[in-house]
Amino acid sequence: RNNRMQSNLRTIPIGQVRLNPNNVRQWKATEKAQLELGASIATHGILQPLLVTPIEGEDDAYMVLAGNRRLAAAIALDLQAVPCMVRLDTDRGTGTAMALAENLIRADMSPVDVWKAVLRCNDEGWRPAEIADAIGRSEQRVRQLILMGSMPAPVLDYMGATGDFPNDHQVRVIAQAEAPLVTQHFQELQARQGKGFHNGFPWWQLADKLRIDRIDASKAAFAITDEDRAKLDLRVDLFEAGDHPGFFYNIEGFMARQRD
């Protein structure tokens, strides 16, 4: 993929710049944070230009790739124009990756927004290796983020709205489980305890319900063939080291093969 694109800095009338409905930041900033941003812009101006791209089929119209909050604050302050870095020849997938890369620099981006944005890049045709290069992450980490972004909507929506997240071990179990089971057990736990959890959602219970017995492939006393991979249900765990051989999920079959 050719990422060498033309760009230039210019001041654009505010009426020509549109908020992005597909902003990679889906969870809005607090009212306090937005007021503080507005006060800063009123005093110092917009110090970091918005990242925008021309809207196809419209003359002199631009879509924000990064800077929706800055644009909203500028509109509230009734500014006439905003500084913008214009990216040209930007396709949809590239725009998502560029917006994600810029937002990742900022520490306050919700993990859920990161996961969903990486998944969106993948859905828009970017290969994991290309996404990794664009956002400065390893390919394996990108594959992990795609898995996490693929968790069922009720689970992701709860995390994003509450800031209540499972720990790393629980995330890897939930992200690699079958989505219908995740949704089922998540909603059962919500119904049993109500949605107002005093000590946070019982992620450990959800992970425990989804955990599946498996055997580390490194324990195999036999040379693993393609037939073994299929019959013994050998799967790679993307949260293990890159050179890990995976795990067998057909334990009975594995034990029989081990005895041969």
Would you confirm whether [X], through its side chain, and [Y], through its main-chain N or O, come within 3.5 Å as a donor-acceptor pair?
X: Ser40; Y: Glu36; value: no
X: Asp228; Y: Thr225; value: yes
X: Asp233; Y: Tyr249; value: no
X: Glu130; Y: Arg127; value: yes
X: Gln80; Y: Ile14; value: no
X: Gln170; Y: Phe165; value: no
X: Glu240; Y: Gly246; value: no

Ignoring hydrogens, what is the shortest heavy-atom contact between [X] and [Y]? Give both atom names and the distance.
X: Leu156; Y: Gly149; result: CD1-O, 3.4 Å
X: Ala73; Y: Gly38; result: CB-CA, 4.2 Å
X: Val86; Y: Tyr62; result: CG1-CE2, 3.9 Å
X: Leu9; Y: Cys84; result: CD1-O, 3.2 Å
X: Ala207; Y: Val173; result: O-CG1, 3.5 Å
X: Leu119; Y: Ser150; result: CD1-OG, 3.6 Å

Side chains of [X] and [Y]: does their closest heavy-atom pair fall under 4.5 Å?
X: Leu79; Y: Ile41; answer: yes
X: His244; Y: Asp237; answer: no
X: Pro49; Y: Val82; answer: no
X: Arg143; Y: Leu147; answer: no
X: Met151; Y: Ile174; answer: yes
X: Glu58; Y: Arg18; answer: yes
X: Val118; Y: Arg137; answer: no
X: Ile131; Y: Leu145; answer: no

To the nearest 0.5 angstrom, please state how far the [atom1] atom of [X] sits from the [atom2] atom of [Y].
X: His185; Y: Asp208; atom1: NE2; atom2: CG; result: 10.0 Å
X: Asn68; Y: Leu50; atom1: CG; atom2: CG; result: 8.0 Å
X: Leu210; Y: Gln176; atom1: CG; atom2: CD; result: 11.5 Å
X: Ile215; Y: Asn250; atom1: CD1; atom2: CG; result: 9.0 Å
X: Arg120; Y: Asp113; atom1: CZ; atom2: CG; result: 9.0 Å
X: Asn8; Y: Met85; atom1: CG; atom2: CE; result: 7.5 Å

Exercise for the section: Answer with yes or no whether the side chains of Arg141 and Gln144 bring together a donor and an acceptor at under 3.5 Å. Expected result: yes
Exercise for the section: Kindly assign one of parallel, tilted or perpendicular to the pair Trp203 and Phe186, based on the angle between their ring planes and the thresholds 30° and 60°. Expected result: parallel
Practice task
Return the orientation label for the Phe248 and Phe222 ring planes: parallel under 30°, perpendicular over 60°, tilted otherwise.
Solution key: tilted
Exercise for the section: Might you confirm whether atom CD of Glu178 has over 12 heavy atoms from other residues, nucleotides or ligands at distances under 6.0 Å? Expected result: no
Handout entry: Other residues, nucleotides, ligands: >12 heavy atoms within 6.0 Å of Asn167 CG
Key = yes
Membership question, hydrophobic clusters at under 4.5 Å side-chain separation (ILVMFWY): are [Y] and [X] in the same one?
X: Ile12; Y: Leu77; result: yes
X: Tyr158; Y: Val171; result: yes
X: Leu232; Y: Met255; result: yes
X: Leu206; Y: Leu181; result: yes
X: Ile251; Y: Ile212; result: no

Practice task
Tell me, please, whether Phe239 has Arg172 positioned over its six-membered ring: NZ or CZ under 6.0 Å from the ring centre and within 45 degrees of its axis?
Solution key: no
Handout entry: Test log, rule side chain to side chain contact (heavy atoms under 4.5 Å, CB included), inputs Met148 and Met159
Key = CA-CA 12 Å; Met148 291 185 279; Met159 293 180 191; over 6 Å; no
